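The next block holds one structure in the form of structure tokens; read it before the comments.
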Amino acid sequence: MTKVVLTKLKCIQTSGGGGADDVYAKFFVDGSQIGRWPGRGDVDMNRGDEQFINQTFSFQKDLKIELWEYDSTSSDDYMGAYIFSATGSGSGKIVLSDPKEGNIYELGYDYIPDRVKVARLHSTKCIAMSESVNSDLVNKAAALSGAVAEATGKVLGNTSKPEAQLVGQALEAGAIVLKQIPGLVDAIAKAGNYPDQLYLTFSNQPGIDKRFWPNPGKYYEILAGQIVRFDDLRYPLIQPLDITLWEYDYGSGDDHLGSFAIEKDTQPGTYVKMVTSASEASIYLVAYVVAEEEW
């Protein structure tokens, strides 16, 4: 069985209709359609825009991807296709284009060996919900990132297969460091019980249609002090993973709660990353594991 991961989609040239393309993709394994990206709807893309597909496919003969643009007034517009062979190997970029539409897109790919370095998102702990503290307190928290990493590292060591209880203890150790910031605990207590409606993407653009977690729910309601564990979120670390936290906002644009990256050269072990947003006044701790695994 051959495995290919499709990584970053980049718009080189939009179609001739003007404005952004409303992009989506269809995937076919051994001749049968098995999915689409995004799961529902489409993604607006202008020249230079990038989106991360980050999906892995297993196949015996071939994997086909078709790129499409949604059209509200007529049939959707075909924007090109590519077929990956089971006999292929290596990494690179393919071009998806159609002369009729004038679009040009690049898509990164990697054929995956049997064993590969894998990143698993484990859990997150909400320290301060959005708008529960002020930006000064968030900046003070961010300045303690080294102290938080040291505190969590003492709990975790460099284990690559931690028990959930151990990760919970590490997150609490990081929280204790942050709670020493004068005024932080009182500010959180006065904020009230208005949970963040949290979701995660591989994109720096908001939208629950772009989320990879939660699924199938649109978002996860989380309060300060709570921990939520992610299930089966693992990705081959053959490229950096750029992850963004968002809060869903029904009445206006979704709120950016911060981003972090898991680098390709990260050594096996368990890590806790602080993710903050001074503009939204939020603080989160995110735990993840890097290990060599069969894929």
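Values in this document were obtained by computation on a predicted structure and should not be read as measured data. Hydrogens, waters and symmetry mates are skipped; everything else that's a heavy atom, side chains included, is used.
Considering CG of L121 and CZ of R229, their distance stands at 12.5 Å, rounded to 0.5 Å. Taken to the nearest 0.5 Å, the CZ atom of F52 stands 10.5 Å off from the CD1 atom of I243. Taking CD1 of I94 as the start and CD1 of I65 as the end, the distance is 6.0 Å to the nearest 0.5 Å. If you take CG on D98 and CH2 on W68, they are separated by 9.5 Å, rounding to the nearest 0.5 Å. From K210, atom NZ reaches atom OG of S203 across 6.0 Å, with rounding to the nearest 0.5 Å. Here T152 contributes atom OG1 and I176 contributes atom CD1; the two are 12.0 Å apart, rounded to the nearest 0.5 Å.
Of the possible polar contacts, none joining the D209 side chain to the G41 backbone as a donor-acceptor pair under 3.5 Å is found. A donor-acceptor contact shorter than 3.5 Å is absent between the side chain of D22 and the backbone of D44. No donor-acceptor pair closer than 3.5 Å links the side chain of R234 to the backbone N or O of V289. Judged by distance alone, with hydrogens and angles left aside, the side-chain atoms of D30 form a donor-acceptor pair with the main-chain N or O of D62 at under 3.5 Å. Using modelled atom types, one side-chain atom of D49 and one backbone atom of N46 make a donor-acceptor pair closer than 3.5 Å. No donor-acceptor distance shorter than 3.5 angstrom exists from the side chain of S135 to the backbone of A278, with no hydrogens or angles considered.
Counting Ile, Leu, Val, Met, Phe, Trp and Tyr side chains that sit under 4.5 Å apart, directly or through other members, Y199 shares a hydrophobic cluster with I208, Y219, W246, Y248, Y250. Under the 4.5 angstrom side-chain criterion for Ile, Leu, Val, Met, Phe, Trp and Tyr, the cluster partners of L166 are I127, V133, L137, V138, L144, V148, V155, L156, V167, L171, V177, L178, I181, L184, I188, I227, V272, M274, I283, L285. Through direct or relayed side-chain contacts under 4.5 Å between Ile, Leu, Val, Met, Phe, Trp and Tyr, I104 connects to I12, V95.
Inspection of the D110 and S91 side chains reveals an N or O donor paired with an N or O acceptor under 3.5 Å. Using modelled atom types and a 3.5 Å distance limit, the side chains of Q239 and N54 yield a donor-acceptor pair. Y70 and D21 form no side-chain donor-acceptor contact under 3.5 Å, judged by distance and modelled atom types alone. Between the side chains of D76 and Y24, at least one donor-acceptor pair of N or O atoms lies under 3.5 Å. Between the side chains of D196 and S130, at least one donor-acceptor pair of N or O atoms lies under 3.5 Å.
Residues passing the side-chain hydrogen bond (donor to acceptor under 3.5 Å, both in side chains) test with E106, sequence neighbours excluded: none. Residues passing the salt bridge (charged side-chain N to carboxylate O under 4.0 Å, His left out) test with K179 are E172, sequence neighbours excluded. By the salt bridge (charged side-chain N to carboxylate O under 4.0 Å, His left out) test, K140 pairs with D136, sequence neighbours left out. Listed by chain and number, the residues in a side-chain hydrogen bond (donor to acceptor under 3.5 Å, both in side chains) with R47 are Q13 (sequence neighbours excluded). Remark: Y235 pairs with no residue by the side-chain hydrogen bond (donor to acceptor under 3.5 Å, both in side chains) rule, at least two apart or across chains. The salt bridge (charged side-chain N to carboxylate O under 4.0 Å, His left out) check on K8 picks up E50, with sequence neighbours excluded. Remark: E150 engages K154 in a salt bridge (charged side-chain N to carboxylate O under 4.0 Å, His left out) (not counting sequence neighbours). Residues passing the side-chain hydrogen bond (donor to acceptor under 3.5 Å, both in side chains) test with T244, sequence neighbours excluded: S259.
Between F212 and F202, the two ring planes are parallel [angle under 30°; tilted spans 30° to 60°].
Residue K3 qualifies as enclosed at atom NZ: its count of foreign heavy atoms under 6.0 Å is above 12. Counted within 6.0 Å of OH on Y194, heavy atoms from surrounding residues, nucleotides or ligands total 12 or fewer; the atom is thus considered open.
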Solution key, residues 111-118 side-chain donor-acceptor pairs under 3.5 Å, sequence neighbours excluded:
| from | atom 1 | to | atom 2 | distance (Å) |
| --- | --- | --- | --- | --- |
| Y111 | OH | S85 | N | 3.4 |
| Y111 | OH | S85 | O | 2.8 |
| R115 | NH2 | E292 | O | 3.1 |
| K117 | NZ | K264 | O | 3.4 |
| K117 | NZ | T266 | O | 2.8 |

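Both Y288 and V275 are members of a single hydrophobic cluster when ILVMFWY side chains are connected at heavy-atom separations under 4.5 Å.
Taking both residues in full, the closest heavy atoms of L9 and L96 are given as CD1-CD1, 4.5 Å, listed atom of the first, atom of the second, then distance. In terms of heavy-atom proximity, M45 sits nearest to C11 at CE-N, 3.9 Å. Closest approach of S277 and G258 over heavy atoms only: CB-N, 4.2 Å.
The side-chain tip of K273 does not point at the ring of F260 from less than 6.0 angstrom away and within 45° of straight on.
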After noting the C-alpha distance and the side-chain angles of V23 and M79, does the key distance pass the side-chain contact (heavy atoms from CB on, under 4.5 Å) rule? CA-CA 9 Å; V23 179; M79 296 202 298; 4.0 Å; yes
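E293 has its side chain within reach of R120: a pair of non-hydrogen atoms, C-beta onward, lies under 4.5 Å apart.
In summary, the aromatic rings of W37 and F27 are positioned with their centroids too far apart to meet the 6.0 Å limit.
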